[in-house]
Amino acid sequence: MDEKSWWKEKIACVLNDLSALNGQTIGLDDVVIEIPPKPEMGDFGFPMFTFAKKLKKAPQEIAALVAEKLKENREGSADDSSVFTLGPYVNIRLDRAKEAKRVVQGILDNGNEFFHIDSLQGKKIMVEFSSPNTNKPLHLGHLRNDVLGESISRILAACQAEVRKVCIINDRGIHICKSMLAYKEYGNGECPESTGIKSDHYVGGWYVRFNQMSKEDTGADERARELLLKWEAGDKETVDLWRKMNEWTVSGMKETYQRTGVSFDTYYFESDTYLRGKAEVLKGLEKGLFTKEADGSVQADLTAENLDKKVLLRKDGTSLYITQDFGTAILRHDDWPFDKLVYVVGSEQRYHFQVLFILLARMGFPWAKDLYHLSYGMVNLPEGKMKSREGTVVDADNLIDELRDMALVEIKSKEREEIVGDAAQTAEKIALGALHYYLLQVSPERDMLFNPKESLSFNGNTGPYLQYMGARISSILHKDEAKKLHDGLVKAELLQTDSEWELIKTIANYPSVLADAAKDMNPSVLASWLYELSKNFSRFYHECPVLSAETEDLQRARLALCRCVLAVLHAALDLVCIPFLESM
Ligand code: ARG
């Protein structure tokens with residue numbers, strides 16, 4: 001157990017001894033930890049205000065009583081310098097030497113196992129993310145979705161959950177038929193290979209073309225609807241065309257996933273799940289859960305839940321977006337009975353998921369209570385930056401290309417091509433680091449602007465800044481190779497200056513930060529911690545010479561600290577999908 005939790009438990013225990021007098025209990029969660037604003041105020045502070053009512057005593061008085069008890073209980077080891085009161089606060093000052101030894105030696109001996117947390121051991125969590133439609137390529141919104149889903153999955157797995165990453169490809173419906181129609185009428189049998197265009201962009205081009213077409217050609221929409229009916233009827237030519245174009249889109253998207261480090265364990269396709277959804281709706285209708293309206297459509301009445309009526313099947317019997325989601329959820333639970341299914345989907349679909357979850361419960365699926373919509377906000381570019389052909393949507397591939405080119409210019413202008421080795425590959429990794437960090441450092445529910453230039457800055461709260469710390473530490477450790485300092489006995493207790501201490505405390509905090517990020521499914525918690533770690537390392541590096549420290553023992557201890565920072569940095573960067581760089 002880390003020091004923080006140890007003290008928290010002790011304080012809860014002592015408080016309960018006090019409150020037992022009045023026949024009340026105080027839970028662990030009632031005990032709040034604060035970080036004092038100044039180092040001389042110790043390492044943790046515990047405010048006692050909240051207990052005043054229960055204990056019928058002034059907070060100052062409680063603080064004094066608690067401090068006294070703590071000192072008694074710690075059998076001499078808790079002297080005035082480690083437990084003291086500041087008005088209504090009980091403050092704790094840790095033993096720097098002891099904590100440095102525990103953390104540094106712990107990581108040297110056990111590597112990242114030192115941070116082992118298993119808060120989600122035995123839990124099966126399915127995470128759905130990305131989930132594109134097959135009429136156009138991935139855009140900036142998907143990039144936020146993808147990195148959120150991938151990062152959350154990695155964070156949950158790091159807490160020992162069994163995670164399955166899934167994607168639903170919405171591959172049927174009128175929008176798909178629109179790009180099919182434009183291609184059918186004007187495509188002349190061309191294909192992505194013959195034109196040299198990335199296959200998903202190629203299909204997206206035909207969707208744009210349809211929208212232009214339909215402005216002049218009033219019959220275009222009608223012909224697209226006819227195509228949908230043909231598809232639903234299983235017309236061979238239509239189904240073949242549909243299959244060919246969907247393969248183009250999906251294979252192009254998979255290239256983008258590969259590029260950004262996103263992957264899935266299972267892809268679901270709406271064309272495979274929507275009929276199951278339709279069957280469930282009809283079953284529900286039979287059971288009297290839904291009603292058939294005068295116009296022939298099937299609807300669910302949600303007025304008892306303070307919501308509207310919802311159409312589940314159109315009057316012509318065709319399926320809607322929600323119809324397939326019934327089937328998709330049921331098939332997923334059949335495939336892999338989960339303890340929780342998380343849908344990473346934009347906040348504009350909040351109502352959709354609210355209705356979906358209520359109706360699945362109404363249909364009698366007990367696991368409906370385990371469904372969760374992780375809603376995230378919009379992401380836009382600042383006005384005037386990198387707009388795609390249509391002028392509104394920012395294409396994912398183009399954006400990453402642009403970031404990569406900007407990073408490459410930077411590498412060249414700093415004349416670092418030789419040092420980094422493969423400049424193009426390094427630029428690509430910097431681009432992804434910049435993009436992913438920028439998108440994750442904001443809490444999911446908030447809308448945001450993505451500023452490409454700012455994201456790439458090497459100093460500031462950015463991905464490249466974190467990558468740069470990694471490269472810097474790598475180079476220090478590299479220099480050490482000749483000296484082999486790391487072979488001797490490490491006296492971590494020598495690490496006691498303020499900047500060493502702050503760094504050690506930040507490292508020690510990693511498990512609780514990770515657990516919080518997992519509990520709230522919020523990677524921004526981890527992103528902020530990474531920034532703090534890098535800032536604290538930077539400060540340490542300025543104030544404490546490593547390879548030229550006064551004594552060999554101190555050199556060795558500081559090198560060991562560098563190794564610990566690198567180990568934890570490396571692990572945490574991976575959880576937020578930032579590529580690690582040895583040099584940059
Ligand atoms: N393809 C949908 C869209 O682009 C998102 C799918 C979200 N997932 C779901 N199970 N409905 O809006």
Side-chain angles (χ1 to χ4, degrees), residues 131-136 167-187 199-200 202-204 206-211 213-214 217-251 253 267-286 289-300 309-332 334 349 352 355-356 359-360 363:
S131 299
N133 302 334
T134 49
N135 57 332
K136 40 187 174 189
C167 180
I168 172 82
I169 309 257
N170 292 118
D171 62 348
R172 48 138 252 127
I174 189 71
H175 51 297
I176 313 295
C177 292
K178 289 180 176 177
S179 31
M180 278 162 60
L181 185 86
Y183 176 75
K184 198 174 143 124
E185 295 184 357
Y186 297 96
S199 55
D200 49 340
Y202 184 72
V203 177
W206 288 109
Y207 187 69
V208 173
R209 178 68 182 267
F210 175 88
N211 288 328
M213 249 166 81
S214 68
D217 177 353
T218 46
D221 278 295
E222 189 46 41
R223 296 204 297 286
R225 259 193 301 279
E226 279 162 18
L227 211 52
L228 179 59
L229 288 177
K230 274 185 164 177
W231 181 86
E232 296 212 349
D235 172 64
K236 182 164 183 325
E237 194 194 328
T238 309
V239 171
D240 285 349
L241 174 64
W242 167 81
R243 186 163 292 126
K244 179 163 81 175
M245 290 185 80
N246 272 344
E247 270 166 19
W248 287 341
T249 319
V250 174
S251 68
M253 284 170 174
Y267 284 96
Y268 288 87
F269 293 86
E270 177 173 346
S271 55
D272 295 330
T273 67
Y274 83 107
L275 289 176
R276 176 66 192 268
K278 196 168 161 176
E280 282 310 316
V281 172
L282 293 174
K283 221 193 272 176
L285 181 66
E286 234 165 71
L289 304 174
F290 313 129
T291 52
K292 191 155 206 160
E293 300 297 299
D295 67 355
S297 65
V298 177
Q299 303 200 7
K309 282 191 146 194
K310 176 85 186 170
V311 180
L312 307 181
L313 286 178
R314 288 198 195 90
K315 58 182 177 209
D316 59 3
T318 56
S319 300
L320 289 104
Y321 178 52
I322 195 161
T323 326
Q324 59 85 28
D325 255 327
F326 295 135
T328 310
I330 294 165
L331 287 168
R332 282 173 175 167
D334 285 352
Q349 294 195 27
H352 168 77
V355 171
L356 177 68
L359 293 182
L360 279 165
M363 290 173 185

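Everything quoted here is computed from the prediction, not taken from an experiment.
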Rounded to the nearest 0.5 Å, what separates atom [atom1] in [X] from atom [atom2] in [Y]?
| X | Y | atom1 | atom2 | result |
| --- | --- | --- | --- | --- |
| S199 | W248 | OG | CH2 | 9.0 Å |
| T318 | L229 | OG1 | CG | 8.0 Å |
| L282 | L313 | CG | CG | 5.5 Å |
| T238 | M180 | OG1 | CE | 6.0 Å |
| F326 | T273 | CZ | OG1 | 12.0 Å |
| D200 | N135 | CG | CG | 11.5 Å |

Residue pair [X] / [Y]: nearest heavy atoms and the distance that separates them:
| X | Y | answer |
| --- | --- | --- |
| K136 | M253 | O-CE, 3.2 Å |
| I176 | N170 | CD1-O, 3.7 Å |
| Y202 | Y183 | OH-CE1, 3.5 Å |
| D221 | S214 | OD2-CB, 3.9 Å |
| L227 | C177 | CD2-O, 3.6 Å |
| L331 | D272 | CD1-O, 4.1 Å |

So salt bridge (charged side-chain N to carboxylate O under 4.0 Å, His left out) across residues 168-186, not counting sequence neighbours, yields R172-E232, R172-E270, K184-E237, E185-R223

Can a salt bridge be assigned to the pair [X] and [Y] using a cut-off of 4.0 Å between side-chain N and carboxylate O?
| X | Y | answer |
| --- | --- | --- |
| D334 | R276 | yes |
| K244 | D240 | no |
| R225 | E222 | yes |

Could you tell me if Q324 and T328 have a donor-acceptor pair between their side chains, going purely by distance under 3.5 Å? yes

Within a strict 4.5 Å, meaning less than it, do heavy atoms of the W242 and M245 side chains meet? no

Side chains of K310 and F290, heavy atoms from C-beta outward: is any pair under 4.5 Å? no

Taking [Y]'s backbone N and O only, do any of them form a donor-acceptor pair with [X]'s side chain (distance below 3.5 Å, no angle check)?
| X | Y | value |
| --- | --- | --- |
| S297 | E293 | no |
| R314 | S319 | yes |
| K278 | G317 | yes |

I would like to know whether E280 and K283 meet salt bridge (charged side-chain N to carboxylate O under 4.0 Å, His left out); could you show each step before the answer? CA-CA 5 Å; E280 282 310 316; K283 221 193 272 176; 3.4 Å; yes

Restricting to side chain to side chain contact (heavy atoms under 4.5 Å, CB included), what partner residues turn up for Y267, sequence neighbours left out? C167, I169, K254, Y257, F264, F269

Please test V281 against T323 for side-chain contact (heavy atoms from CB on, under 4.5 Å), starting from the C-alpha separation and ending with a verdict. CA-CA 8 Å; V281 172; T323 326; 4.2 Å; yes

Specify whether W231 and Y274 have parallel, tilted or perpendicular ring planes, treating 30° as the upper limit for parallel and 60° as the lower limit for perpendicular. tilted

